[in-house]
Undergrad: 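One structure, pasted below without further comment.
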Amino acid sequence: MTLRSEDSFLALIDRYFPNTHAHMPLGRGDDCAVLRAPDWMCLTADMFVEDVHFRRTYFSPEDIGYKALAVNLSDIAGMGARPLGFALNLMATGRESDEFCEGLVSGMADLAREHDLPLVGGDLSRGPALAVAITMWGKSQKRFLLRRNCQPGDLLFCLGDVGLARCGLSVLERDDESLRWRFPEAVEAHLRPQIRLEQAQTLGEFEQVRGLMDVSDGLMQDLPRFVGPGFGVEVFMSESEVHPEVVEFAREFAGLPGVEQALLGGEDYALLGAAAPGASHFLEREFPEILWLGKVVERSGIYLDGARLDLKGFDHFGADFPEHSEDGE
Ligand SMILES: Nc1ncnc2c1ncn2[C@@H]1O[C@H](COP(=O)(O)OP(=O)(O)O)[C@@H](O)[C@H]1O
Ligand SMILES: Cc1ncc(C[n+]2csc(CCOP(=O)(O)OP(=O)(O)O)c2C)c(N)n1
Ligand SMILES: [Mg+2]
């Protein structure tokens with residue numbers, strides 16, 4: 001059993017994560033790691049908690065390791081930055097099998113290797129559920145791309161699908177194999193979100209891109225956070241620009257237009273950016289898949305076809321997430 005002792009779990013970590021790196025003069029094994037900071041750094045932390053962010057019934061151990069790391073990479077991307085390293089705090093019940101632990105660590109290590117990220121240290125604890133808490137840091141080539149840096153008339157854009165992961169969650173929560181076949185890209189978007197690190201760094205090179213964030217709680221929640229107080233958004237995205245699985249799912253199970261389902265979203269891990277109006281041509285050339293969401297206006301709220309939308313995105317302490325009730329179940 002990997003979890004018969006802390007040392008056996010640390011030995012598993014050592015098998016998957018190298019303990020030397022150019023940015024890490026001293027790695028795991030002492031009271032602290034010692035890092036060599038190359039420049040100004042950005043730092044983020046996100047938790048990934050059993051039955052809040054994932055369920056063991058439909059996440060493989062590899063998926064859990066992957067997504068726990070991916071959601072932190074997404075915050076680094078949201079700054080237009082490049083990740084440099086991370087620390088891992090893990091709470092486990094102690095009942096996890098060797099195979100489970102190995103899957104979780106290997107799923108995380110595969111993604112860390114892709115980005116040449118050292119695991120500098122962390123902590124282990126027994127607890128009532130599985131929880132993975134990661135702290136990650138990074139640096140930017142030129143500047144960090146911030147929230148609340150928009151001007152009225154700025155164009156808002158997205159890179160990555162919005163609404164798809166939420167459909168995936170609803171499908172997975174339904175425990176119906178036939179639905180997984182009908183909505184495969186939605187399921188994949190929920191289990192294995194693709195993080196657009198390279199695109200985020202490229203955006204940082206364009207002066208006319210004013211700001212950037214990653215969309216984790218859904219656009220309805222994250223758009224106001226992005227444009228800031230006193231500003232709002234006139235949405236001009238149309239249904240033909242929404243992923244067809246989102247449109248189909250919304251119509252059949254949520255009774256919502258595709259655009260509204262896309263705006264509700266949740267766990268999209270897409271990039272949301274603001275650009276000066278004159279930037280649209282070169283952004284389209286650089287990113288042919290770019291989705292133009294709308295424009296920044298000088299009154300708060302989110303407006304679609306002139307009407308203020310009143311849809312609620314995700315909040316940990318808000319009303320229950322309506323995965324089972326939105327279609328009247
Ligand atoms: N427990 C906490 N202690 C200190 N700061 C926190 C805590 N939780 C969240 N924050 C800060 O509040 C801000 C918003 O957090 P969050 O909504 O989780 O952002 P994100 O969607 O980027 O992960 C971030 O700057 C984050 O660092
Ligand atoms: C079992 C389960 N129920 C509900 C959800 C939906 N959900 C959980 S967290 C979340 C939002 C993103 O997570 P959060 O911790 O808020 O990330 P952050 O904004 O801090 O990056 C959503 C939509 C889920 N993924 N799994
Ligand atoms: Mg967070």
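Atoms within a ligand are numbered from 1 in the order they appear, just like the ligands themselves. Note that the coordinates shown come from a computational prediction; the quantities given were computed from them, not determined experimentally.
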Undergrad: Between D51 and ligand 2, is there a nitrogen or oxygen pair with a distance under 3.5 Å?
TA: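 No, since none of the N or O atoms of D51 sits under 3.5 Å from an N or O of ligand 2.
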Undergrad: Protein N/O/S atoms under 2.8 Å of the Mg ion (ligand 3)?
TA: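 N, O, S partners closer than 2.8 Å: D46 OD1.
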Undergrad: Using a 3.5 Å distance criterion without hydrogens, assess whether the side chain of Q261 forms a donor-acceptor pair with backbone atoms of F249.
TA: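 No, Q261 side chain to F249 backbone: no donor-acceptor pair under 3.5 Å.
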Undergrad: Below 3.5 angstrom, do we get any N/O pair linking R225 and ligand 1?
TA: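 No, R225 has no N/O under 3.5 Å of an N/O on ligand 1.
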Undergrad: Counting only heavy atoms not in E298, do more than 12 sit closer than 6.0 Å to its CD atom?
TA: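 Not buried by this count: 12 neighbours or fewer within 6.0 Å.
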Undergrad: Answer yes or no for E173: is there a heavy-atom contact with ligand 2 below 4.0 Å?
TA: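 The answer is yes, since E173 has a heavy atom less than 4.0 Å from ligand 2.
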Undergrad: For atom 22 (O) of ligand 1, state whether the nearest protein heavy atom is under 4.0 Å away.
TA: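 So far as the 4.0 Å threshold goes, atom 22 (O) of ligand 1 is in reach of a protein heavy atom.
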Undergrad: Please determine whether residues L155 and V296 belong to a single hydrophobic cluster, defined as Ile, Leu, Val, Met, Phe, Trp and Tyr linked transitively by side-chain heavy-atom distances below 4.5 Å.
TA: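 Each belongs to a different hydrophobic cluster.
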Undergrad: Any atoms of ligand 1 less than 4.0 Å from a non-hydrogen atom of S216? List them with their elements.
TA: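 Those qualifying, in numeric order: 21 (O).
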Undergrad: If hydrophobic clusters are built from ILVMFWY residues whose side chains come within less than 4.5 Å, do M108 and V71 share one?
TA: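 Same hydrophobic cluster.
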Undergrad: Answer side chain, backbone, both or neither: which part of R55 comes under 4.0 Å from ligand 2, heavy atoms only.
TA: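 Under 4.0 Å from ligand 2, R55 contributes side-chain atoms alone.
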Undergrad: Can you tell me how the ring of H53 sits relative to the ring of F48, calling it parallel under 30°, perpendicular over 60° and tilted otherwise?
TA: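 Judged by the thresholds at 30° and 60°, the geometry between H53 and F48 is tilted.
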Undergrad: Establish, for the pair R56 and F100, whether the NZ or CZ atom is under 6.0 angstrom from the six-membered ring centre and no further than 45 degrees off its axis.
TA: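 Because its charged atom sits under 6.0 Å from the ring centre and within 45° of the axis, R56 does stack over F100.
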Undergrad: Pick one of side chain, backbone, both or neither for how D46 approaches ligand 1, counting any non-hydrogen atom pair under 4.0 Å.
TA: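 The answer is the side chain.
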Undergrad: Does the side chain of E241 pick up a donor-acceptor pair with the side chain of W292 at under 3.5 Å?
TA: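 Their side chains do not contain a donor-acceptor pair, so the 3.5 Å distance test is not met.
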Undergrad: Starting from atom 19 (O) of ligand 1, which protein heavy atom do you reach first, and at what distance in Å?
TA: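 For this ligand atom, the closest protein heavy atom is R147 NH2, 4.2 Å.
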Undergrad: Polar-atom distance check: H316 versus ligand 2, any N or O pair below 3.5 Å?
TA: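 The answer is yes, given that H316 and ligand 2 share an N or O pair closer than 3.5 Å.
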Undergrad: Under 3.5 Å, is there a donor-acceptor pair between the side chain of Y303 and the main chain of S300?
TA: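 Pair found, side chain donor or acceptor close to backbone of S300.
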Undergrad: Using distance alone, decide if ligand 1 has a nitrogen or oxygen within less than 3.5 Å of any nitrogen or oxygen in D217.
TA: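 N/O-N/O distance under 3.5 Å: no.
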Undergrad: Does atom 8 (N) of ligand 1 have any protein heavy atom closer than 4.0 Å?
TA: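 For atom 8 (N) of ligand 1 the answer is no, since every protein heavy atom stays at 4.0 Å or beyond.
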Undergrad: Short check: is a protein heavy atom less than 4.0 Å from atom 5 (N) of ligand 1?
TA: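 No.
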Undergrad: Does some non-hydrogen atom of H190 fall short of 4.0 Å from ligand 2?
TA: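 Yes, H190 has a heavy atom closer than 4.0 Å to ligand 2.
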Undergrad: Nearest non-hydrogen atom to atom 18 (P) of ligand 2 belongs to which of G168, S74, S216, A165?
TA: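 Checking each option, the heavy atom nearest atom 18 (P) of ligand 2 is found in S216.
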Undergrad: Check contact between L169 and ligand 2, using heavy atoms of the residue and a distance below 4.0 angstrom.
TA: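 It does, in that a heavy atom of L169 comes within the 4.0 Å cut-off of ligand 2.
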Undergrad: Salt-bridged, R180 to D176, with N to O below 4.0 Å?
TA: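 Answer for the salt bridge query: no.
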Undergrad: Should the ring pair F314 and H316 be called parallel, tilted or perpendicular, given that the plane angle runs from 0 to 90° and is split at 30 and 60?
TA: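 The arrangement is perpendicular - the two ring planes meet at more than 60°.
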Undergrad: For atom 26 (N) of ligand 2, which candidate among D46, D315, V52, D222 provides the closest heavy atom?
TA: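 The option holding the nearest heavy atom is V52.
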Undergrad: Please answer whether the main-chain N or O of A262 pairs with a side-chain N or O of H243 as donor and acceptor at a distance below 3.5 Å.
TA: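 It does not hold such a pair.
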Undergrad: Please check this pair: side chain of R28 against backbone of F17, looking for a donor-acceptor N/O pair closer than 3.5 Å.
TA: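 Answer holds: yes.
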Undergrad: Among D46, D214, T44, find the residue that satisfies the side chain to side chain donor-acceptor pair (under 3.5 Å) test when tested with S74.
TA: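 So, applying the side chain to side chain donor-acceptor pair (under 3.5 Å) to S74 and each of D46, D214, T44, only D214 qualifies.
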Undergrad: Any donor and acceptor pair, going by atom type alone, linking the side chain of R174 with main-chain N or O of S170 inside 3.5 Å?
TA: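 Yes: the side chain of R174 pairs with the backbone of S170.
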